[in-house]
Amino acid sequence: MSPLKPILLVEDNLNDVELVLRALKKNNLVNEVITARHGGEALDYLHRRGTFADHKGEDPLFILLDLKMPKVDGLEALRQIKADARLQLIPVVMLTSSSEETDLVKSYRLGVNGYVVKPVEFTQFCDAIRQLGIFWALINKPAPLPSRA
């Protein structure tokens with residue numbers, strides 16, 4: 001088992017997925033990145049359901065979660081993650097294009113650990129991802145998660 005826990009990236013926009021992956025690579029963050037295209041797929045990964053039923057790896061170190069997605073949006077995924085005793089301690093950071101105050105407030109009320117509006121310019125985007133990665137992967141001391149049954 002790798003000593004580095006994976007990062008779960010939940011994003012429906014393939015261009016944004018590619019930007020995040022490039023930014024992490026550019027900044028030498030080597031954690032495996034698991035991608036989910038919507039909140040339902042992220043919940044399947046976290047609960048080892050559907051296409052992830054055979055997944056035996058660890059829970060993610062942190063989750064980068066988009067807000068506006070099809071099927072299950074970011075707020076609903078966040079609500080379910082934070083309501084689950086086994087998952088609620090996993091840090092979740094909204095990484096979204098929405099700077100709407102209502103989205104920000106709803107996210108924090110549901111227990112999000114951080115809210116980052118995606119910068120439009122690539123250099124600023126890379127810097128934001130670098131800072132997120134360094135903080136959540138290297139600086140932050142995560143809470144011990146309950147073991148899987």
Side-chain angles (χ1 to χ4, degrees), residues 4-52 55 57-146:
L4 295 176
K5 293 177 110 183
I7 297 166
L8 178 58
L9 171 62
V10 189
E11 173 63 66
D12 63 317
N13 182 313
L14 294 179
N15 290 331
D16 286 351
V17 169
E18 185 61 32
L19 285 174
V20 170
L21 294 176
R22 283 179 53 202
L24 290 171
K25 184 176 181 179
K26 181 178 188 277
N27 290 296
N28 300 313
L29 292 167
V30 296
N31 300 65
E32 177 185 11
V33 179
I34 307 298
T35 58
R37 294 167 300 190
H38 54 79
E41 197 171 81
L43 292 166
D44 284 349
Y45 173 79
L46 293 166
H47 291 293
R48 310 302 194 258
R49 302 183 300 222
T51 58
F52 299 103
H55 178 69
E58 292 188 77
D59 284 326
L61 181 62
F62 66 96
I63 301 168
L64 293 174
L65 182 62
D66 190 19
L67 190 62
K68 312 282 188 193
M69 295 180 289
K71 298 187 181 182
V72 178
D73 70 12
L75 289 174
E76 179 57 24
L78 176 64
R79 186 191 67 72
Q80 290 187 40
I81 291 165
K82 293 303 182 178
D84 186 303
R86 188 181 58 77
L87 302 174
Q88 65 188 195
L89 295 178
I90 299 171
V92 178
V93 177
M94 283 294 186
L95 183 61
T96 179
S97 57
S98 175
S99 57
E100 295 291 323
E101 186 174 328
T102 56
D103 290 334
L104 180 72
V105 171
K106 284 178 189 175
S107 296
Y108 276 108
R109 283 194 173 139
L110 289 171
V112 80
N113 300 92
Y115 192 101
V116 176
V117 177
K118 296 175 192 172
V120 175
E121 202 276 317
F122 181 69
T123 304
Q124 292 175 339
F125 187 89
C126 283
D127 190 51
I129 297 301
R130 178 186 64 77
Q131 290 179 44
L132 284 171
I134 288 171
F135 179 78
W136 291 109
L138 301 175
I139 296 172
N140 184 59
K141 175 130 176 86
L145 297 176

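All residue numbers in this chain count up from 1 along the given sequence.
Contact record, A77 with G39: CB-CA, 3.9 Å, taken as the closest heavy-atom pair. Contact detail for A137 and N31: the closest heavy-atom pair is CB-OD1, 4.2 Å. The minimum heavy-atom distance linking A36 with L8 is given by the pair CB-CD1, 4.4 Å. In terms of heavy-atom proximity, Y45 sits nearest to H55 at OH-NE2, 3.2 Å. Between S107 and Y115 the shortest heavy-atom distance is OG-CE1, 3.5 Å.
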Worked verdict on K26 versus R130 for side chain to side chain contact (heavy atoms under 4.5 Å, CB included): CA-CA 9 Å; K26 181 178 188 277; R130 178 186 64 77; over 6 Å; no

Trace of the side chain to side chain donor-acceptor pair (under 3.5 Å) decision for D84 with Q80: CA-CA 6 Å; D84 186 303; Q80 290 187 40; over 6 Å; no

Side chain to side chain contact (heavy atoms under 4.5 Å, CB included) between T51 and D44, intermediate numbers included: CA-CA 8 Å; T51 58; D44 284 349; 5.8 Å; no

Side chain to side chain contact (heavy atoms under 4.5 Å, CB included) between M94 and V10, intermediate numbers included: CA-CA 9 Å; M94 283 294 186; V10 189; over 6 Å; no

Steps toward side chain to side chain contact (heavy atoms under 4.5 Å, CB included) verdict (H38, D12): CA-CA 6 Å; H38 54 79; D12 63 317; 5.6 Å; no

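Using a 4.5 Å heavy-atom threshold, the side chains of S97 and V120 count as separate. V117 has its side chain out of reach of E100: every pair of non-hydrogen atoms, C-beta onward, lies at least 4.5 Å apart.
When the shell of 6.0 Å around CZ of R37 is examined, it contains 12 or fewer heavy atoms from other residues, nucleotides or ligands. By the 6.0 Å contact criterion, NZ on K106 is open, its count of non-hydrogen atoms from other residues, nucleotides or ligands being 12 or less.
I90 contributes atom CD1, which lies 4.5 Å from atom CG of D59 (distance to the nearest 0.5 angstrom). Distance check, rounded to the nearest 0.5 Å: CG of D73 to CG of L78 gives 10.0 Å. Interatomic distance, CG of L75 versus CZ of R109, reported as 12.0 Å (0.5 Å rounding). The distance from the CG atom of L132 to the CG atom of L24 is 9.0 Å, given to the nearest 0.5 Å.
Between the E76 side chain and the V72 main chain, no donor and acceptor come within less than 3.5 Å of each other. K5 contributes no side-chain N or O that, together with a main-chain N or O of E32, makes up a donor-acceptor pair within less than 3.5 Å. Of the possible donor and acceptor atoms, one in the side chain of N113 sits under 3.5 Å from a partner among the backbone N and O of V92.
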What donor-acceptor contacts under 3.5 angstrom involve side-chain atoms of residues 14-22, with partners at least two apart or in another chain?
unit_1 : atom_1 : unit_2 : atom_2 : d
D16    : OD2    : K118   : NZ     : 2.7

Donor-acceptor contacts under 3.5 Å from residues 61-68 side chains, at least two apart:
unit_1 : atom_1 : unit_2 : atom_2 : d
K68    : NZ     : D103   : OD2    : 3.2

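With sequence neighbours excluded, the residues that form a side-chain contact (heavy atoms from CB on, under 4.5 Å) with Q124 are P119, E121.
A cation-pi contact, defined as under 6.0 Å to the ring centre and within 45° of the axis, is absent between R49 and F52.
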